[in-house]
Amino acid sequence: MTLKYVDEFRDGTLARTILAKLKKQCAGRAPMRFMEICGTHTVSIFRSGLRPLLPSTVELISGPGCPVCVTASEDIDKAIWFASQPDTIVATFGDLLRVPGSRTSLAQERAQGADVRMVYSAMDAVALAEENPDKEVVFIGIGFETTAPTVAAAVTMANRQGIQNFSVFSAHKVLPPAMEALLSSGDLRLDGFLCPGHVTTVIGAKAYEDVASRYRMPCVVAGFEPLDILHGLWMLVEQRLSGEARVDVQYRRGVTWEGNTAAQRLMAQVFRPANAVWRGLGPIARSGLAFRDEWARFDATQRFSVPTLSVREDPACRCGDVLRGVLAPLQCPLFRKVCTPQNPKGPCMVSSEGTCGAYFKYAYDGPDLDLEEKY
Amino acid sequence: MKETQVLLDHGSGGRATHELVTRFFAPLLSNPFLDAMNDSAVMDFLGDRLAFTTDSYVVDPVIFPGGNIGSLAVHGTVNDLAMSGARPMVLTAGFILEEGLDLSLLETIVRSMAEAAREAGVTVVAGDTKVVPKGKGDKIFITTAGVGIVPPGVSLGGQNARPGDAVLINGTIGDHGTAILCSREGLSMEGVIQSDSAPLHTLVAAILTACAHVHVLRDPTRGGVATTLNEIASQSRVGIRLFEEALPIREDVAGACEILGLDPLYMANEGKVLVVLPQEEAGKALDAMRRHPLGRHAALIGEVMADHPGRVTLRTRIGGHRIVDMLRGEPLPRIC
């Protein structure tokens with residue numbers, strides 16, 4: 001498979017045309033603040049160097065949409081606890097390995113002898129279980145609605161194949177309840193949401209209808225290429241200036257109003273909505289996914305007797321405020337001084353989709369590096 | 001959580017490796033040759049200037065599209081010598097074999113080494129073999145050392161880049177790392193992405209013949225083009241700016257990286273050389289490279305600047321700018 005079409009969404013001439021339109025549209029208007037909910041958007045914005053090119057009145061705020069960043073310390077500690085059990089393999093996505101829990105990380109546990117494997121999908125973890133019949137394989141399931149259906153598919157496959165030694169620790173999250181929690185907290189002034197293309201391919205654009213109507217908040221579902229994002233921002237500005245608040249879809253090549261109903265059914269077959277704790281945001285009702293009773297044997301928390309773990313948060317870490325969009329990474333007293341990708345104090349720095357990591361990696365170099373347009 | 005143990009990150013070839021080297025190896029083993037931090041040490045010896053280097057190879061899978069650990073071990077060491085402008089002469093090879101290794105696999109690997117050495121015109125003059133119990137190694141590890149002769153007048157090093165220099169590469173970026181990853185993870189893309197593993201000494205000779213003022217040659221292996229350019233920027237105390245639209249990247253490599261959320265700039269290469277030389281010589285160097293089979297897709301990809309010393313930046317396709325940092329973490333454990 002090749003992705004020939006990608007270049008078309010990074011075309012410099014077209015980007016400059018849209019930027020000129022956006023600048024004209026914003027001239028003389030009050031400042032606007034838009035939140036890109038999703039970490040993939042955040043990274044794409046930084047990788048393309050988009051921020052300094054935007055009109056000065058358009059401010060982008062990075063939201064809580066990085067599944068690694070919003071995984072609670074307690075859940076990381078549980079993952080580490082699973083890895084400490086005899087004859088147990090913990091399988092997870094690479095990003096999660098270096099996220100600090102209360103005392104240590106999965107990567108450090110691996111260096112001390114724990115059997116922690118990096119996998120690319122839950123299916124890989126099922127294959128690990130098949131190859132290691134004398135071990136328990138626990139897949140650490142993190143991610144939003146894009147990932148959860150694939151984990152549900154892996155669980156149903158393991159069931160069909162009669163695999164007895166595979167279970168999932170479900171730390172999945174769903175996005176719309178978090179958006180509502182952000183808006184109802186009252187400390188975030190926003191003019192619109194740039195909603196994630198890939199999550200929306202599953203849940204459908206209709207999922208944001210409540211947010212748009214109840215909170216009078218413009219929502220635009222955008223793809224992840226620089227031109228998608230620029231186009232999405234232009235659509236958000238249009239809505240805001242015309243005083244409307246609805247759900248628009250920029251990412252029409254992937255998103256429908258109803259979404260992927262087969263994936264939704266699969267997710268609903270295995271999981272049910274559950275309350276979940278988000279790092280930084282705290283508990284949010286019905287924002288997580290727990291196993292339905294009939295799939296309980298695949299639930300790692302029921303398969304193992306997980307003790308109550310004493311969770312210790314670094315009191316100086318401000319990731320929570322960054323995730324809520326009320327603190328920019330550069331305003332965090334730890335940023336770059338003691339918190340770096342090499343020695344992260346919080347998940348926003350360690351995750352490849354984390355806001356602090358993106359600032360550190362792509363944009364921040366103190367006052368001397370002028371990243372403004374020089375050509 | 002300051003590390004107290006070696007993590008896989010320390011072998012990534014990126015920032016963590018750099019920190020390990022500067023924390024332990026460089027200060028404790030310090031001498032002028034090592035302190036230069038180049039791919040090989042160049043020393044006077046009975047009227048000749050010898051280049052001397054060593055490298056170890058741990059790769060999974062040991063056989064991959066476009067080569068295997070045997071040919072890779074020869075190419076890697078030949079290339080480390082070539083980066084100092086040397087003509088590679090002799091190699092040594094040490095093998096650590098894991099109990100249970102299939103002997104026919106070993107034969108394939110050694111045959112491939114022999115063939116690569118013949119093609120590169122080098123002789124394997126000494127070797128060593130150790131066997132470790134099953135589970136204490138991973139099939140086969142190879143350590144090679146190499147000696148070459150540096151022609152008179154050639155003086156290359158990572159500390160020589162100057163503002164105004166051009167940055168060139170001889171072809172597409174990230175092929176080896178992506179090939180290894182796709183092969184290891186069983187990711188099937190359209191066709192098979194091949195490693196670019198190849199000996200670069202004849203290409204280097206062609207560049208040095210065409211251009212009298214080459215400042216730096218460096219092969220961007222682990223950590224990729226991004227990490228290698230950061231090392232050059234740091235050693236030379238200069239800034240380097242890349243042009244995104246000029247970076248030669250195969251469509252299938254770009255596609256695979258896109259799907260996996262990786263950046264070709266950080267993927268390993270085993271048949272690529274970064275050339276830093278005065279802008280005035282860039283045209284001649286590109287012509288020389290494009291006439292060579294390993295340089296057909298050579299391109300000018302960036303420039304050296306006085307501002308932001310130690311930093312690599314990228315001008316993106318849409319006209320923005322961003323930092324290109326060293327590799328951090330471990331996107332590809334043990335690829336080469």
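Since we're looking at a predicted model, the values are computed, not measured. Naming: A, B, ... by sequence-line order, numbering from 1 per chain.
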Before giving the answer on side chain to side chain donor-acceptor pair (under 3.5 Å), spell out for Gln108(A) and Gln5(B) the whole-Å C-alpha distance, their side-chain angles and the decisive distance to 0.1 Å.
CA-CA 8 Å; Gln108(A) 286 177 324; Gln5(B) 287 168 315; over 6 Å; no
Any donor-acceptor pair under 3.5 Å linking the side chain of Arg322(B) with the backbone of Arg47(A)?
yes
Nearest 0.5 Å please: distance from the CG atom of Leu50(A) over to the CD1 atom of Ile318(B).
4.5 Å
Kindly compute the distance separating CZ (Arg317(B)) from OG1 (Thr13(A)), expressed to the nearest 0.5 Å.
11.5 Å
Test ring pair (Phe, Tyr, Trp, His ring centres under 6.0 Å) applied to His18(B) - qualifying residues, sequence neighbours left out:
none
Okay, Val253(B) and chain A: the region with an atom under 4.5 Å from a heavy atom over there is neither
Nearest non-hydrogen partners of Leu7(B) and Ala111(A), listed with the distance
CD2-CB, 3.4 Å
Tell me, do Asp9(B) and Arg98(A) make a side-chain contact under 4.5 Å, heavy atoms counted?
yes
Could you give the distance from OG (Ser48(A)) to CG (Leu314(B)), rounded to the nearest 0.5 Å?
10.0 Å
Counting only heavy atoms not in Arg16(A), do more than 12 fall under 6.0 Å of its CZ?
yes
Any chance you could measure Lys361(A), atom NZ, to Leu327(B), atom CG, to the nearest 0.5 Å?
8.0 Å
Measuring only between side-chain heavy atoms, which start at C-beta, is Tyr362(A) closer than 4.5 Å to Thr313(B)?
no
Nearest 0.5 Å, what's the CZ-CD1 distance between Phe360(A) and Ile323(B)?
9.0 Å
